[in-house]
Amino acid sequence: MTQIVTLELKRWILEQARDGHSPESVLAAMQASGWQADVAIRALEDTLQQHLKQTEAAAPTGGAGVPVPDLNLTGSPSRIDAGDRVVEVIATLGSPRVVVLGGLLSDEECDGLIEAARPRLARSLTVQTQTGGEEMNPDRTSQGMFFQRGESELISRVEARIARLVQWPVDHGEGVQVLRYRPGAEYKPHYDYFDPGEPGTPTILKRGGQRVGTVVMYLNQPEQGGGTTFPDIGLEVAPVRGNAVFFSYDRPHPATRTLHGGAPVIAGEKWVATKWLREGVFN
Ligand code: PD2
Ligand code: ZN
């Protein structure tokens, strides 16, 4: 019997690799579900090789990507004036650009965001890549809500601070999203940009173009777990109240190495606020 390697199978293989499963365990799973060993091995090899080639083809080559938000880190400052508040620079990475920030938000601002979000929480949706609509996603077991941009004095204050810090206009930002994770909840590794290969993406991009940067702000400190992980660069950012992690991506491609996830919360709750930044005006 001839077994056909479908696009769906290739996607599944890449998903397993992204989730950190070894080629051996993926092969074993394929054989367990009826794939012949020789077909499975070839499918694995071809899929991973092809993916590597595509990644290399799109690898950053001086200035090929779009402009992205960034902090002014000239002179390696340990603190940056974000207009109404001085923010600590805890750690920086050049490529991919990742900056861990201390004290982006005050305790009162963290509490204010949590209390304004709490009554509006619903099980988190993610963008449905087929249509551009929204759907429940089992990879995201948190509850969430979106604020409108500028919907309150507190939201406007935080948005203006981020805009100044990352030198990116307020009107290029989506509304702040708040997520609550209970014990066991997580956000599996993903990219924040919209996958150009998905049919719903052109519809999504009509509003402001691609996402080019993310700021994840920690509104509380879970007792255990809940870090933000970057598997491609071996980084885990601890969720410390008031702190934040910023990262940017100049093209919608894994070559940006901005794969990241919210590790499972082991004890306590985790609350974050996320600000996504677009290439253009988001209305
Ligand atoms: O809550 C997090 O740590 C997290 C991790 C990955 C949030 C997001 N992504 C996000 O909101 O995009
Ligand atoms: Zn994310």
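First listed ligand is number 1; within each ligand, the first listed atom is number 1. Values reported hereafter were calculated over all heavy atoms of this structure, with side chains retained and with hydrogens, waters and symmetry mates removed. It should be emphasised that the depicted structure is a prediction, and the values quoted were computed from it without experimental measurement.
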Note to self: With rounding to the nearest 0.5 angstrom, report the CZ to OH distance, R257 to Y191.
What the structure shows: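 It comes to 10.5 Å.
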Check: In Å and rounded to the nearest 0.5 Å, what is the OH to OG1 distance from Y193 to T214?
Finding: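 Nearest 0.5 Å value for the OH-OG1 distance: 11.5 Å.
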Margin query: For the 3.5 Å polar cut-off, considering only N or O atoms, please tell me whether Y218 and ligand 1 meet it.
Written below: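 No; the residue has no nitrogen or oxygen that sits under 3.5 Å from a nitrogen or oxygen of the ligand.
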Next item on the list: Look only at interatomic distance and state if T274 has a nitrogen or oxygen under 3.5 Å from any nitrogen or oxygen of ligand 1.
Entry: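 Yes, T274 has an N/O under 3.5 Å of an N/O on ligand 1.
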Note to self: Over 60° means perpendicular and under 30° means parallel, so tell me whether F230 and F247 are parallel, tilted or perpendicular.
What the structure shows: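 Geometry flag for F247 against F230: perpendicular rings.
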Notebook entry, point to check: For P222 and V265, which heavy atoms make the closest approach, and how far apart are they?
Noted result: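 Closest heavy-atom pair between P222 and V265: CB-CG1, 4.4 Å.
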Notebook entry, point to check: Hey, does D192 sit under 4.0 Å from ligand 1 if you only count heavy atoms?
Noted result: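 D192 counts as a contact of ligand 1 under the 4.0 Å cut-off.
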Check: Which single N/O/S atom of D192 lies at minimum distance from the Zn ion (ligand 2)?
Finding: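 It is OD1 of D192.
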Checklist line | Atom nearest to the Zn ion (ligand 2) - H260, N, O or S atoms considered | finding: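 Restricting H260 to its N, O and S atoms, the minimum distance to the Zn ion (ligand 2) goes to NE2.
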Check: Per the side chain to side chain donor-acceptor pair (under 3.5 Å) rule, which among R207, R211, K275 passes with E174?
Finding: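 Between E174 and the candidates, side chain to side chain donor-acceptor pair (under 3.5 Å) is satisfied uniquely by R211.
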Check each atom of ligand 1 against the heavy atoms of [X] and keep those under 4.0 Å away; list them by number with element.
| X | value |
| --- | --- |
| H260 | 6 (C), 9 (N), 12 (O) |
| W276 | 10 (C), 11 (O), 12 (O) |
| V272 | 1 (O) |

Notebook entry, point to check: So which protein heavy atom does atom 10 (C) of ligand 1 come closest to, and at what separation?
Noted result: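 Heavy-atom neighbour on the protein nearest atom 10 (C) of ligand 1: Y187 CE1, 3.6 Å.
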Next item on the list: Please confirm whether the backbone N or O of V99 pairs with a side-chain atom of T92, one donor and one acceptor, at under 3.5 Å?
Entry: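 It does not hold such a pair.
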